[in-house]
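Report on the following structure.
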Amino acid sequence: MNARASARLYSPELLGLATGLAAFPLTGDLPLRAEARSRSCGSVIAMGVALAEDGASIARIGMRVSACAIGQASAALLAEHARGVDPERVIATSEALAAWLAGEDDLPADWPGLAALAPARAHPGRHGALLLPWTAACEALSSGAGPR
């Protein structure tokens with residue numbers, strides 16, 4: 001990747017998003033858990049999720065992220081907007097992101113902030129990192145472990 005392409009990919013907006021992860025620590029009281037690793041870049045995300053008492057929405061989310069700025073920004077966008085969201089919407093957004101990266105669909109418009117990730121589509125080596133938090137969230141939400 002040349003310096004010009006890198007500058008477009010790692011915009012100030014994207015780098016700023018990555019710093020938001022500090023507000024979502026992975027704590028021991030988040031019962032639905034998963035860990036995902038990107039085979040393409042080696043990034044790792046451990047995630048915990050707690051659902052509302054009725055199980056209909058996400059109450060809290062936390063994560064430990066070892067990823068590039070793309071993975072961190074994607075994780076921050078997921079975490080910042082997950083509270084109160086139906087778990088099925090997270091799964092649907094994950095699937096829509098994968099389709100978008102594969103060139104099969106448009107960038108999902110119903111999850112705030114995803115436009116900041118748009119430059120990553122032209123960098124297939126970053127696709128795994130972008131999808132990683134969404135993969136971990138889907139795994140955690142489907143784990144069904146622990147109290148809700």
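Every heavy atom of this structure was used, including side-chain atoms; hydrogens, water molecules and symmetry mates were not.
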Open item on the list: Could you report the tightest heavy-atom contact between Met47 and Ala137, atom names first, then the distance?
Closed with: SD-CA, 3.4 Å
Kindly compute the distance separating [atom1] ([X]) from [atom2] ([Y]), expressed to the nearest 0.5 Å.
X: Ser94; Y: Arg89; atom1: OG; atom2: CZ; value: 13.5 Å
X: Arg39; Y: Leu132; atom1: CZ; atom2: CG; value: 11.5 Å
X: Leu97; Y: Trp100; atom1: CG; atom2: CH2; value: 7.0 Å
X: Ser143; Y: Leu32; atom1: OG; atom2: CG; value: 4.5 Å

Task: Pairwise side-chain contact, Leu107 with Leu117, heavy-atom cut-off 4.5 Å (strictly under) - done: no
Open item on the list: Within the 4.5 Å heavy-atom criterion, are Leu14 and Ser11 side-chain neighbours or not?
Closed with: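 The answer is yes, as the side chains (C-beta and beyond) meet within the 4.5 Å cut-off.
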Sequence neighbours excluded, which residues qualify as side chain to side chain donor-acceptor pair (under 3.5 Å) partners of [X]?
X: Ser38; value: Ser40
X: Arg121; value: none
X: Asp106; value: none

Using side chain to side chain contact (heavy atoms under 4.5 Å, CB included) as the criterion, list what pairs up with [X], not counting sequence neighbours.
X: Ala98; result: Leu131
X: Ala96; result: Pro108
X: Glu35; result: Val44, Ala46

Open item on the list: Applying side chain to side chain contact (heavy atoms under 4.5 Å, CB included) to Val85 and Thr93, what does each step give before you reach the verdict?
Closed with: CA-CA 11 Å; Val85 170; Thr93 301; over 6 Å; no
TODO: Taking salt bridge (charged side-chain N to carboxylate O under 4.0 Å, His left out) as the test, write out the residues that go with Arg37, two or more places apart.
DONE: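 Applying salt bridge (charged side-chain N to carboxylate O under 4.0 Å, His left out) to Arg37 gives none.
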Task: Connected hydrophobic set around Leu26, excluding itself, where side chains approach under 4.5 Å - done: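 Reading the cluster by chain and number, Leu26 sits alongside Leu30.
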Which atom pairs, one a donor and one an acceptor, fall under 3.5 Å between side chains of residues 59-83 and the rest of the protein, sequence neighbours left out?
| unit_1 | atom_1 | unit_2 | atom_2 | d |
| --- | --- | --- | --- | --- |
| Arg60 | NH2 | Asp29 | OD1 | 3.0 |
| Arg60 | NH2 | Asp29 | OD2 | 2.7 |
| Gln72 | NE2 | Ala67 | O | 2.7 |
| Ser74 | OG | Leu130 | O | 2.6 |
| Ser74 | OG | Trp134 | NE1 | 3.0 |
| Arg83 | NH1 | Ala59 | O | 3.3 |

- [ ] Start with the C-alpha gap between Val49 and Val90, add the side-chain angles, then the distance that decides, and say whether side chain to side chain contact (heavy atoms under 4.5 Å, CB included) holds.
- [x] CA-CA 12 Å; Val49 178; Val90 172; over 6 Å; no
